[in-house]
Amino acid sequence: MSKLDELIAELCPDGVEYTTIENVCTKISSGGTPNTSRSDYYGGDIAWLRTQEVDWVDILDTGIKITEEGLNNSSAKWIPKNCVIVAMYGATAAKVAINKIPLTTNQACCNLQVDKNKALYRYVYYWLANNYNELKALGQGSQSNINAKIIRSFPIPLPPLPVQQEIVRILDNFTELTAELTAELTTRRKQYEYYRDLLLTFGDEVELIAELCPDGVPYKTLGELGYFYGGLSGKSKEDFTNGNAKFITYMNVFTNLAIDTDISDLVRIGENEKQNTVQYGDILFTGSSETPDECGMSSVLTEVSDEKFYLNSFCFGFRLKDNNLLLPDFSKYLFRSQNIRKQIKRTANGVTRFNVSKKKMEQVVIPLPPLPVQQEIVRILDNFTELTAELTAELTARRKQYEYYRDKLLSFKEVTG
């Protein structure tokens, strides 16, 4: 029998009582937003939290700071550290966090000051995190916005404090391990990006480049090297319900260096229908996004296949006239490198949504190192991506394990009668 089982058997053998969030708090409040047209209200040293920063973390800082004037001329209020903060609106609605510093919040945050005589603030945090879907389901609108009334009346089991302490201890251990893996993964990604950009700049400070390309490498524009083509056209919603051919989605391009061909996304293609197909070595790009930073994200078809692949209409492809100029596995790194990404971002125009100009994309300049150099760069960068993939898989497994135990630990028999 574990220590937790012993505590439950001793302190609450018949189950635990359920109450509401309101009954375990000494104070529940929301914040406020200083007048955004007043520049003297912003840029101060008072931490001010927005809902998008509430995401199952211990908050140590905020992206925006306000001034004393901004605080005094708005409904924003100081809250002490170790409050449980619940996002009420937007994409993070119903997500929770803990502030590890005193701070202020906007009006879309519900701030719970937990009564330490009744509950541990980290216990309340874990309970709400574990019941995210249930809390969010009580919301309204396209983003399931919730309000303080919903949060106040949300049920919570209240086992004795020693039981809460043991639950928090166990879950904190999982959280700490997850944080360590996340930190290591972040470090490895930064290391990979550093070496990727260093290798793909082709400066003579890199021994490999200096040795194999003593005279430098040639550069050409995409317009000189190949041509662009569009994705699917003339398709209705019904064409994607009972498809007979694989198509590459926007997220497949956006997310992956190399296209994931193990896909179940299908589209209906007629027997004599004329649509562009994606070929081995093609570089695919996302055509639009809400920000220029996310426009023109690339992915490459690096596998030879007898299957035909079609492309999402919100993407477009680039095909080399000479397939011997770039190794597909080299292209997957090249077009995500910082130098090429800078050029691609400059091809995007828009206000609320940004679209890539294929005409401007033709002017993007890329290096053409010899194939042996490309192969060596691929070998080096593949080692980094393999390690990153292993860490990502381990982190995913740990998160699933944590969520499993969190759900198990926070399931209580309710006292009846």
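The first residue in the sequence is number 1, and the count goes up from there.
- By the ring-ring contact (aromatic ring centres under 6.0 Å, His included) test, Trp78 is found to be paired with no residue, residues two or more places apart in sequence or in another chain being considered.
- The ring of Phe314 has its center no closer than 6.0 angstrom to the ring center of Tyr250.
- In this model, no donor atom of one side chain and acceptor atom of the other lie less than 3.5 Å apart for Glu53 and Thr62.
- At a cut-off of 3.5 Å, with distance as the only test, a side-chain donor of Tyr333 or Thr385 sits close to an acceptor on the other residue.
- Salt-bridge check for Glu6 with Lys3: failed, with every basic side-chain N at 4.0 Å or more from each acidic carboxylate O.
- A salt bridge does not link Lys190 to Glu193: none of the charged nitrogens lies less than 4.0 Å from a carboxylate oxygen.
- Minimum interatomic distance between Ile28 and Arg152 (heavy atoms only, all atoms of both residues): O-NH2, 3.4 Å.
- Between Asp329 and Lys332 there is a salt bridge, since a side-chain N of the basic residue sits under 4.0 Å from a carboxylate O of the acidic one.
- Between Lys116 and Tyr121 there is no side-chain heavy-atom pair separated by less than 4.5 Å.
- Not counting sequence neighbours, the partners of Lys65 by the salt bridge (Lys or Arg N to Asp or Glu O under 4.0 Å) test are Asp61.
- Ion pairing between Arg122 and Asp58 holds under the 4.0 Å rule for side-chain N and carboxylate O.
- A side chain to side chain contact (heavy atoms under 4.5 Å, CB included) with Ile366 holds for exactly one of Val217, Thr221, Leu200, Leu326; it is Leu326.
- Taking the ring centre of Tyr229 as origin, the terminal cationic atom of Arg319 falls inside the region bounded by 6.0 Å and 45° from the ring axis.
- At least one test fails for Lys246 against the ring of Tyr310: distance under 6.0 Å to the centre or angle within 45° of the axis.
- Cation-pi geometry between Arg189 and Tyr192 is not met at under 6.0 angstrom from the ring centre and within 45 degrees of the axis.
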Give the table of side-chain donor-acceptor pairs shorter than 3.5 Å for residues 131-141, with sequence neighbours excluded, one pair per line with atom names and distance.
{"from": "Asn131", "atom 1": "ND2", "to": "Trp127", "atom 2": "O", "distance (Å)": "2.9"}
{"from": "Lys136", "atom 1": "NZ", "to": "Gln143", "atom 2": "O", "distance (Å)": "3.1"}

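- Atom NZ of residue Lys100 and atom CG of residue Leu60 lie 8.5 Å apart, to the nearest 0.5 angstrom.
- Ring to ring, Phe318 and Phe285 are not that close: their centroids are 6.0 angstrom or more apart.
- Between Asn252 and the choices Asn256, Thr255, Thr249, the side chain to side chain donor-acceptor pair (under 3.5 Å) rule is met once, by Asn256.
- Both cation-pi conditions hold for Arg38 and Tyr41: the charged atom is under 6.0 angstrom from the six-membered ring centre and inside a 45 degree cone around its axis.
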